[in-house]
Amino acid sequence: MSSMFWHDWAGLVGVALVLVAFLLLQAHKLSGQGYTYQVMNLLGAFGILLSLIFGMFNLSAFVQELAWFLISVYGIVRGVRARKAVVPPVV
């Protein structure tokens, strides 16, 4: 068995994060709009992207993970904006 490189480990951790986030969402332990879920997806996609860039490249997997990463960024930005909009002004 060949030894694994850092990018292989980044990919495995990334897959674990994405799958655990999805499991917790399905189990109603996380909200799809919550920071935890979004950050888990963001970091998971980033780890998988690292494994694809520095390891064996696969265009279709790269496109999927890049989209997953960008959608997670969108969700985080949207959540931050929504939270700022509901904060009452300080008197």
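- Shortest non-hydrogen contact noted between Ser72 and Asn41 is OG-CB, 3.3 Å.
- Transitive grouping of hydrophobic side chains (ILVMFWY, heavy atoms separated by less than 4.5 Å) keeps Phe5 and Leu49 in distinct clusters.
- Hydrophobic clustering, with ILVMFWY side chains joined whenever heavy atoms are under 4.5 angstrom apart, groups Val63 together with Leu42.
- Annotation for Tyr35: atom OH counts as buried by contact number, over 12 foreign heavy atoms lying within 6.0 Å.
- Distance check, rounded to the nearest 0.5 Å: OG of Ser60 to CG of Leu52 gives 9.0 Å.
- Atoms OG1 and CG, on Thr36 and Leu25 in that order, are 12.0 Å from each other to the nearest 0.5 Å.
- Residues Val18 and Ala45 come closest through the heavy atom pair CG2-N, 4.0 Å.
- Asp8 places no side-chain N or O within donor-acceptor distance of the main-chain N or O of Met4, the cut-off being under 3.5 Å.
- The closest donor-acceptor contact from the side chain of Arg83 to the backbone of Gly79 lies under 3.5 Å.
- Taking each heavy atom of His7 and Leu50 in turn, the nearest pair found is CB-O, 3.9 Å.
- The backbone N or O of Gln33 sits nowhere less than 3.5 Å from a side-chain atom of Gln38 that would complete a donor-acceptor pair.
- Transitive grouping of hydrophobic side chains (ILVMFWY, heavy atoms separated by less than 4.5 Å) keeps Leu12 and Met40 in distinct clusters.
- Hydrophobic cluster membership differs between Leu23 and Tyr37, with clusters built from Ile, Leu, Val, Met, Phe, Trp and Tyr side chains linked at under 4.5 angstrom.
- Hydrophobic clustering of Ile, Leu, Val, Met, Phe, Trp and Tyr side chains at less than 4.5 Å, counting indirect connections, unites Trp6 with Leu17.
- The shortest non-hydrogen separation linking Phe62 to Ile53 is CE1-CG1, 3.8 Å.
- Here the straight-line distance linking atom CZ of Arg81 with atom CD1 of Ile76 works out to 13.0 Å at 0.5 Å rounding.
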